[in-house]
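Please read the structure below before turning to the comments.
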Amino acid sequence: MFNAKSEVSRLLAPGIPGIEPQQILDMLEVPPNPEMGDLALPCFKLSRILKKSPVQIAEDLSAAVSKKGSTEDIDRIEAVSGYLNIFLNKNVYIKKVLSEILKAGSSFGSSDIGRRKTVVIDYSSPNIAKPFHVGHLRSTSIGNSLYQIFSFMGYHCIGINHLGDWGTQFGKLIVAYKKWGSEQAVRENMIDELVALYVKFHKEAEKDPSLNEEARKWFTRLEQGNEEARSLWRWFIDISMEEYKKVYELLGVRFDAYTGESFYNDKMDPVIEELKEKNLLKESKGAMVVDLEKEGMPPCLILKTDGSTLYATRDITAAIYRKNTYHFDKCIYVTGVSQSLHFKQWFKVIEKMGYDWYKDLYHVPFGTVSIGGEKLATRTGKVVLLDDILSRAIQKTRETIEEKNPDLENKEEVARQMGVGAVIFSDLFSSRIKDVSFSWDEVLNFDGETGPYVQYTHARACSVLRRAEDGKTVRTSAETDPAGRVRKAGDENDETDSSGETMAKEASAAADFDSSLLSSKEEYQLVRVLADFPDKVKQALDDLEPSILTRYLVELAKEFNRFYHEHSILVKERDLRKARLALVQATKTTLATGLRLIGLHAPEKV
RNA sequence: GCGCCUGUAGCUCAGCUGGAUAGAGCAACGGACUUCUAAUCCGUAGGCCAGGGGUUCGAAUCCCUUCAGGCGCACCA
């Protein structure tokens, strides 16, 4: 992979005694303004080591490099008030970056750092019999994106949906169903009916607390394998899953395993035994806990007073099971930030058990979704259902297509891809940890920094490439490029040979082009943003932060649209046209890959 | 009370492993479509980077402190 930074640091290092190229590389930065060059080395820190003024250092370095004669990568170097400003040879840079992208194609930005490594990602994990709402979307979209990113970097990924398919809520549900429900109503309204029953239970239980007692009894029966309880439980799960799978299909999300909480019911006893043997369990107020006082944390509850298990018990058991089953190198949990302490606690328990892989466990928390200042809660019925959001977003996309491009062939498919894309994109736009206040206006806005904007830009690029194959040129650059920036170079080979055959060849053999013709500010800026992509993917992976890619895509789309607006691509001059097509092709490829990594489709026509 | 997180333009957010004049989008206002898709582009306006101390040649960024908001702190997950 060509990397301008490391080239430059290798060149500068010999001029600074006692400094490794790596250190230079870490110090190099991008100047705030293009007129200050492409890269800069602030010399202030070196000042103490070299016992010279930063201004002096910059000047000395500049002189030293100039004397050595220029390399093909660097055009010139300037010392400006303590900064060493480096100007790259633009032609060479553009050629290298674009050639690499065109050669790599859809694998541009990928790597094999995850080769022969396995990462388990636990995400989505909704609670059975509860509807899928905006809150669940975050876990799902973040987890899915991490799955894509890790796969792209060579990791073997295991996506696990740790369904909330066990617990006292099933006791409540069974009571509510038997008291107020009917088989027919559940068959007709599916999860909606289960939710209605659940909400009704909580309302009634406020007036009549004995209902809670009854629910507890039913859950105990379920645990003991009571046939009626068991079959109702199974039925509730089936109904919920049917609905979840529809949502996952629409979102384009997959899992490798649906091992939920109930899966671990018969696997916890040995773990409890192990905790006892390792002398970690301690009785406290009738319950069994792992004491974490020395670690500055509240104790981790393992068994309730009545001897039943808790979620920490289950999570510890599940982690051990996953380690033994998948031999993971990393195990990632995507859940709300409110569970942070819980994860910190049981990660510590794993460490205390003597497992050194405790350090491979990662909690990836995200902020809380609220609406109108109120937290979402199934119990009170205060939710925005994902179903509603998706259908409204898709509907809005349909209308826009009808208005802008009514002749589009596969309208419904594109509407789905963009509507869903808009929702996921906005979910992945800001940093995970930020709380979000749900707003219809924001989700349904398709202008500016949005999914549809990026998808539209991709389709725009595709459209140009398609037209290139048709072989229709537009005009000469002199007619279209802004005055004062009209180039001379292209005019000499102003061939009007716009036969379809030739242009089709150009589009496919795009790697053969003259980069010196891409001499405008817009073209160069676009190439620079393209060159950033591999770093952004790596950073998203290191920080477990998909929003880095989401925002990158906006930046790239913005840069492409600027270029598109300022310059005609399908110009009559063949060489210029070829060069610009290479740029368009590289952008299209990168946009499509980026969209894929955050879980969006990249339709070729919108 | 203790712990974790957040506070940047009217709104939503970047920038936070310290570097040159603090950036986007939305909303507002003004421009650009007989042209490769205007779901676009360009311009104008908008800021004691919550407040106060400190460290540093240099702080939105690091440290301390105050304030405001969110979350968590024993048998729910």
Side-chain angles (χ1 to χ4, degrees), chain A residues 26-27 29 31-33 36 40 42 44-45 47-48 53-54 80-83 85 125 127 164 166-169 261 284-289 296-306 308-312 314-315 335-342 344-345 365 367-368 370 375 397 400-401 403-405 408 418 422 426 429-431 433-437 439 441-442 445-457 459-468 470 472-475 479-480 547-548 551 554-555 557-558 561-571 580 584 605-606:
Chain A
D26 292 340
M27 288 166 74
E29 58 188 42
N33 190 322
M36 298 165 167
F44 308 95
K45 267 178 226 163
S47 164
R48 192 168 303 172
S53 79
V80 180
S81 55
Y83 288 90
N85 289 342
S125 310
N127 285 325
W166 199 251
T168 43
Q169 78 262 27
E261 294 174 10
S284 170
K285 295 177 189 164
M288 296 305 277
V289 307
M297 282 186 270
C300 183
L301 263 75
I302 302 295
L303 292 173
K304 296 193 223 175
T305 312
D306 66 3
S308 58
T309 58
L310 283 119
Y311 67 136
R314 212 171 295 274
D315 277 341
T335 82
V337 67
S338 63
Q339 295 187 43
S340 291
L341 178 60
H342 167 244
K344 253 174 93 178
Q345 286 177 303
T368 314
S370 64
K375 228 172 48 157
T397 313
T400 309
I401 291 172
E403 181 196 325
K404 315 237 176 200
N405 193 4
L408 187 67
M418 289 186 90
S426 89
F429 188 71
S430 55
S431 319
I433 201 66
K434 291 263 165 83
D435 287 347
V436 300
S437 175
S439 138
D441 283 352
E442 240 166 78
N445 171 34
F446 293 176
D447 299 330
E449 302 171 327
T450 67
Y453 170 73
V454 177
Q455 286 171 318
Y456 169 80
T457 306
R460 223 181 192 185
C462 291
S463 175
V464 176
L465 294 168
R466 250 190 335 266
R467 300 232 167 208
D470 294 348
K472 241 181 30 200
T473 55
V474 189
R475 61 227 122 159
E479 290 166 339
T480 62
S547 69
I548 289 168
R551 281 194 299 267
V554 169
E555 199 189 333
K558 217 181 279 178
N561 282 321
R562 259 198 272 267
F563 154 70
Y564 179 94
H565 192 263
E566 286 296 315
H567 308 281
S568 294
I569 296 149
L570 301 176
V571 290
R580 286 184 178 166
V584 175
K605 292 183 190 175
V606 299

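These numbers come from the heavy atoms of this one structure, side chains and all, not from hydrogens, waters or symmetry mates. Since the structure is predicted, the reported quantities are computational estimates derived from the model, not experimental observations. Order of the sequence lines fixes the chain letters, A, B, ..., with proteins taken first and strands second; residue numbering starts at 1 for each chain.
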Phosphate OP1/OP2 of [N] contacted by [X] side-chain N/O (<4.0 Å):
X: Y453(A); N: U37(B); value: no
X: R562(A); N: C42(B); value: yes
X: K344(A); N: G72(B); value: no
X: K404(A); N: A39(B); value: yes
X: Y456(A); N: A39(B); value: yes

For [N], which nucleotide is its Watson-Crick or G-U wobble mate, given both distances must be under 3.5 Å?
N: U56(B); result: none
N: C71(B); result: G3(B)
N: U61(B); result: none
N: G43(B); result: C29(B)
N: A9(B); result: none
N: A22(B); result: none

For Y83(A) and A20(B), say yes or no: do the ring centres fall under 5.5 Å of each other while the ring planes differ by less than 30°?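 The ring of Y83(A) is stacked on A20(B).
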
Checking all strands, does [X] fall into the base, sugar-phosphate, or nothing category for heavy-atom contacts under 4.0 angstrom?
X: S430(A); value: sugar-phosphate
X: M36(A); value: base
X: T335(A); value: nothing
X: E261(A); value: sugar-phosphate
X: V584(A); value: nothing
X: P299(A); value: base
X: T305(A); value: base
X: L310(A); value: sugar-phosphate

Distance-only, no hydrogens or angles: does the [X] side chain make a donor-acceptor pair with backbone N or O of [Y] under 3.5 Å?
X: S463(A); Y: A459(A); value: no
X: Q345(A); Y: P298(A); value: yes
X: N445(A); Y: D441(A); value: no

Between [N] and [X], counting only base atoms on the nucleotide and side-chain atoms on the residue, is there a donor-acceptor pair under 3.5 Å?
X: S463(A); N: C36(B); result: no
X: N561(A); N: A39(B); result: no
X: N33(A); N: U21(B); result: yes

Can you check the K285(A) NZ to C73(B) P distance for me, whole Å?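 Distance, rounded to whole Å: 14 Å.
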
By salt bridge (charged side-chain N to carboxylate O under 4.0 Å, His left out) - contacts of K605(A) (at least two apart):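 K605(A): salt bridge (charged side-chain N to carboxylate O under 4.0 Å, His left out) contacts with E409(A).
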
Once ring-ring contact (aromatic ring centres under 6.0 Å, His included) is applied, do any residues pair with Y456(A), and if so which ones, sequence neighbours excluded?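 Counting only residues at least two positions away or on another chain, Y456(A) forms no ring-ring contact (aromatic ring centres under 6.0 Å, His included).
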
Residues two or more places apart in sequence or in another chain: which of them pass ring-ring contact (aromatic ring centres under 6.0 Å, His included) with Y311(A)?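 Counting only residues at least two positions away or on another chain, Y311(A) forms a ring-ring contact (aromatic ring centres under 6.0 Å, His included) with H342(A).
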
Rounding to an integer number of angstrom, what distance separates [N] and [M] when you compare their [atom1] atoms?
N: C41(B); M: A27(B); atom1: P; value: 13 Å
N: C71(B); M: G53(B); atom1: C1'; value: 29 Å
N: U55(B); M: G72(B); atom1: P; value: 39 Å

Expected string for nucleotides 22-28 of chain B under the B/S/- scheme (protein heavy atoms, under 4.0 Å, primed atoms plus P, OP1, OP2 as sugar-phosphate) is --BSS--

Which nucleotides of nucleotides 56-63 of chain B have their base under 4.0 Å from a protein heavy atom (B), which only their sugar-phosphate (S), and which neither (-), written as one string 5' to 3'? -B------

Kindly write out the residues that satisfy side chain to side chain donor-acceptor pair (under 3.5 Å) with [X], not counting sequence neighbours, or none if the list is empty.
X: S125(A); answer: D122(A)
X: T397(A); answer: none
X: N85(A); answer: none
X: D306(A); answer: S308(A)

